[in-house]
Q: 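Take a look at this one; I'll ask things after.
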Amino acid sequence: MNWLKKIFKKSPDWISEEERLKVIEQSSKQVSRGVFFATVIIITSFLPVFMLTGQEGKLFHPLAYTKTFIMIMDALLVITLAPVLISFFMKGKFRPDHANPVNRVLERIYEPIIRGVLKWRKTTIAINVIALIITIPLLKSLGSEFMPPLDEQSILFMPVTLPDVSNNEAKRILQVQDKIIKSVPEVDKVLGKAGRASTATDNSPISMIETIIMLKPKSEWREGITKKDIINELDAKLQIPGVVNGWTQPIINRINMLATGIRTDVGVKVYGQNLDTIASVSERVRKALEGTSGIADLYVEPVTGGKYLDIDVRRQDLSRYGLTVDDVNQTVETALGGAPIGNTIEGRQRFSISVRLAQEYRNSVEHIRRIPIMSASFGEVPLSSVADVKFTDGPPMITSENAMLRGAVMFNVRDRDLGSTVKEAINKINSTGGILPQGYYLEWSGQYENLIRGQQTLMWIAPVVLVIIFFSLYFAFHSIREAFLSLITVPFALIGGAYMIYFWGVNLSVAVAVGFIALFGIAVETGIVMVIYLNDAMQQLVKEKGNSSQTITREDLRLAVIHGAAKRLRPKLMTVCVSLFGLVPVLWASGVGTDVMKPIVLPMIGGVLTSSTHILLVTPLIFLLTKEYELRKYGKLEIHEVHH
């Protein structure tokens, strides 16, 4: 029975309840302040995202709001609910850190490395500085774009024909194109439209054709073929005289047209007061841009070349036949445009009934000239007897912006980044003389307009955010030196992010910038945790040996720094791993939306890896150097309380 009593016998508590709660309180105070300010810093680092406007703002504001509200609740829970939950669940006996096999393995690997780093100080700092310097040309060599192209799983084919194309010819071209497009095996459905829809928001002329191409699932594509290959194959098959091809995607095309008035990736808007001059300037711009690497689907938006049917009434002939101008206008309106004669009701729908001449009686100038006009004195009189009927040239469509007439030269960018393509195009136009007459000017629009706006917003807000982060760190540690020690991890976090996007082949964009912004907060948070434990090690050293250069040696400082860095290794690695485990799965994701997600995640993954390496190795080294400087200059250490 003795062995049974031993099983159910309650062992005496190794620590009283009061002491247990006091330890939890002190530990919570030690960490919660730093974690609270780290959360505030993460929220602050997302301020640039809130300052984004336009298309990029609408895309990333939900992300920023979601993360901000989560982090606000996190900051409150860290200082309120977390200590209470700890007091509920952390009971009984606890094994020391070295009893944990994971801790033992990590410390066995980490301690020799940190000892080597503290020994080879100059080499360690030099390697980090060189790696940081290399990122400067690395980032400059990267291309730039507004947003990474989102694969919408469909294609929008937007060819432009001559502005005076007839309805029949536009219909014929549309049918021929749809038949050719459907012949490609990867194409599932084709829907083509010429002209405008019956809505006031669609101002497309009859010469502009829109064809939506729905593709089959990628599993049914030919082996090794990509969407770019499909577009190239279609473009080669659809070389029709008098038609300029244009390739884009349905959603981004509508966004571009509504936001900038340009239906391609980039457009050069030509402003002036005379349409003929605008047309000649646009043509000179097109010739200057021809042959530029990356420019595809280059064409001039037609501002002249439209055909108008002019019916010029001869008043002297009208009086001879006893007719009036109203008689001629009413006859022409009824014969060509149609006159309403009534309504028909079909269920809940009501349709007007109009009557006009059949197509074969109004499809040529000769037929229109023979339209009869009833005269009270002479009976039927042909229209040609009282009016001149002819075709005249004019603008197919008049576009104005900022109270000025506007033309445009449009093009898409393929096989090259947007930023460098437009910069080369701007240099070509600037180096070509005689393009712009007096009173006319150019404006670059489309995706490039969005790119410049996003860059300008991020350029002025980023320094402000860094200042706010610095002051948040100062309030966390009450020390400029400690704040700088945590903030210095930010540029070293950029190293991994820059290398990651370079080797992944990603261009700089607003999405990449958002990824770097999110990285700032993560890097600073891990740095704060390290500085907290290093200060804790200094406190224990001072408590043991006193705060004087006579009692503390450089070796004591080195051992204390190693102890502070190595003995709290697990919480630091947990902070890093939580970020990595949440981000890495995005790299293997597929489907719609991953094109935008990967550029956000790539700099965060690379930055977390390099910033954590810097924090685990270089931050203790810099901390040791500052403490040795304090001991040498002031004869004592500046101890910053880590429990408040």
Side-chain angles (χ1 to χ4, degrees), residues 142-160 173-192 209-241 243-256 263-266 289-299 410-422 424 446-447 501-507 509 511 587-599 602:
L142 292 172
S144 60
E145 59 191 3
F146 170 60
M147 289 293 295
L150 176 66
D151 184 7
E152 300 174 18
Q153 309 290 320
S154 58
I155 302 171
L156 180 63
F157 177 46
M158 292 187 68
V160 177
I173 292 173
L174 184 62
Q175 290 172 344
V176 170
Q177 288 176 343
D178 287 357
K179 187 176 181 180
I180 295 173
I181 292 170
K182 192 66 177 70
S183 66
V184 175
E186 285 73 24
V187 174
D188 185 22
K189 299 182 183 70
V190 182
L191 175 62
I209 297 172
E210 296 181 3
T211 302
I212 297 177
I213 305 169
M214 304 298 294
L215 301 176
K216 295 177 181 178
K218 290 188 176 180
S219 59
E220 300 179 24
W221 291 9
R222 286 168 287 175
E223 188 175 353
I225 199 168
T226 63
K227 189 175 180 181
K228 186 185 296 184
D229 297 330
I230 296 173
I231 293 175
N232 292 335
E233 182 179 343
L234 288 170
D235 191 58
K237 288 184 175 183
L238 292 167
Q239 294 300 319
I240 300 174
V243 179
V244 180
N245 293 345
W247 300 93
T248 178
Q249 299 183 98
I251 297 174
I252 191 63
N253 171 259
R254 290 301 174 194
I255 292 173
N256 287 340
R263 57 178 173 264
T264 53
D265 293 341
V266 185
L289 295 179
E290 277 184 341
T292 305
S293 175
I295 289 182
D297 310 329
L298 176 66
Y299 70 95
M410 303 186 187
F411 61 88
N412 290 315
V413 177
R414 274 194 226 124
D415 301 325
R416 192 179 176 187
D417 67 285
L418 179 72
S420 63
T421 302
V422 175
E424 184 180 343
Q447 292 288 312
I501 61 176
Y502 177 80
F503 290 113
W504 211 273
V506 174
N507 292 322
S509 63
L587 298 181
W588 285 274
S590 60
V592 179
T594 55
D595 311 77
V596 179
M597 284 303 301
K598 285 181 182 178
L602 284 170

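Here the structure is a predicted model, which is why all the values come from computation and not from measurement.
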Q: What residue among E186, Q249, E152 forms side chain to side chain donor-acceptor pair (under 3.5 Å) with K227?
A: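 Result: among E186, Q249, E152, Q249 is the only option passing the side chain to side chain donor-acceptor pair (under 3.5 Å) with K227.
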Q: Nearest heavy-atom pair of V413 and D417: which atoms, and what distance?
A: CG1-O, 4.0 Å
Q: Applying side-chain contact (heavy atoms from CB on, under 4.5 Å), run through L142 and I501 and close with a yes or a no.
A: CA-CA 9 Å; L142 292 172; I501 61 176; 3.6 Å; yes
Q: For atom NZ of K237, is the number of surrounding heavy atoms from other residues, nucleotides or ligands below 6.0 Å larger than 12?
A: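 More than 12 within 6.0 Å, yes.
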Q: Does K216 NZ have over 12 foreign heavy atoms under 6.0 Å away?
A: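 Check passes, neighbour count above 12.
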Q: What's the spacing between I231 CD1 and N412 CG if we round to 0.5 Å?
A: 9.5 Å
Q: side-chain contact (heavy atoms from CB on, under 4.5 Å) for V506 and K598? Distances and angles first, verdict last.
A: CA-CA 9 Å; V506 174; K598 285 181 182 178; over 6 Å; no
Q: Mind checking whether V422 and Q447 have side chains closer than 4.5 Å, heavy atoms only?
A: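 No; the side chains remain at least 4.5 Å from each other.
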Q: Heavy-atom count check: over 12 atoms from other residues, nucleotides or ligands less than 6.0 Å from Y299 OH?
A: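 Check passes, neighbour count above 12.
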Q: So I181 and F157, do their side chains get closer than 4.5 Å, heavy atoms only?
A: yes
Q: For I295 versus L289, what's the shortest heavy-atom pair and its separation?
A: CD1-O, 4.0 Å
Q: Can you give me the closest heavy-atom contact between S509 and F146, atom names plus distance?
A: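 Between these two residues, the closest heavy atoms are CB-O, 3.5 Å.
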Q: Heavy atoms, side chains only, cut-off 4.5 Å: are L234 and I180 in contact?
A: no
Q: Can you check whether Q239 reaches N245 side chain to side chain, under 4.5 Å on heavy atoms?
A: yes
Q: Is the closest side-chain heavy-atom distance between T264 and D297 below 4.5 Å?
A: no
Q: Answer whether the closest heavy-atom distance between the side chains of I209 and V243 falls below 4.5 Å.
A: no
Q: For P250 and I212, work out which heavy atoms get closest and say how close.
A: CG-CG2, 4.4 Å
Q: So how far is it from N253 CG to T248 OG1, rounded to the nearest 0.5 Å?
A: 5.0 Å
Q: May I ask you to say whether D265 pairs ionically with R414, meaning some side-chain N is under 4.0 Å from a carboxylate O?
A: no
Q: Calculate, to the nearest 0.5 Å, the distance between atoms CG and OG belonging to N507 and S420 respectively.
A: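 Going from the CG atom of N507 to the OG atom of S420 covers 8.0 Å.
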Q: Could you check whether E210 pairs with R254 (Lys NZ or Arg NE/NH1/NH2 to Asp/Glu carboxylate O, under 4.0 Å)?
A: yes
Q: Can you tell me how far apart OG1 (T226) and NZ (K218) are? Round to the nearest 0.5 Å.
A: 8.5 Å
Q: Evaluate the criterion side-chain contact (heavy atoms from CB on, under 4.5 Å) for residue pair I225 and E233; output intermediate values, then yes/no.
A: CA-CA 10 Å; I225 199 168; E233 182 179 343; 4.2 Å; yes
Q: Which distance, rounded to the nearest 0.5 Å, do you find between the OG of S154 and the CD1 of I213?
A: 9.0 Å
Q: Mind checking whether V184 and R222 have side chains closer than 4.5 Å, heavy atoms only?
A: yes
Q: Nearest heavy-atom pair of S293 and R416: which atoms, and what distance?
A: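 The pair with the smallest heavy-atom distance is O-NH1, 2.8 Å.
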Q: Nearest 0.5 Å please: distance from the OG1 atom of T211 over to the CD atom of Q177.
A: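 One gets 6.0 Å once the value is rounded to the nearest 0.5 Å.
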Q: Begin with the C-alpha distance, continue with both residues' side-chain angles, and end with the deciding distance and a verdict on side-chain contact (heavy atoms from CB on, under 4.5 Å) for W247 and I230.
A: CA-CA 11 Å; W247 300 93; I230 296 173; over 6 Å; no
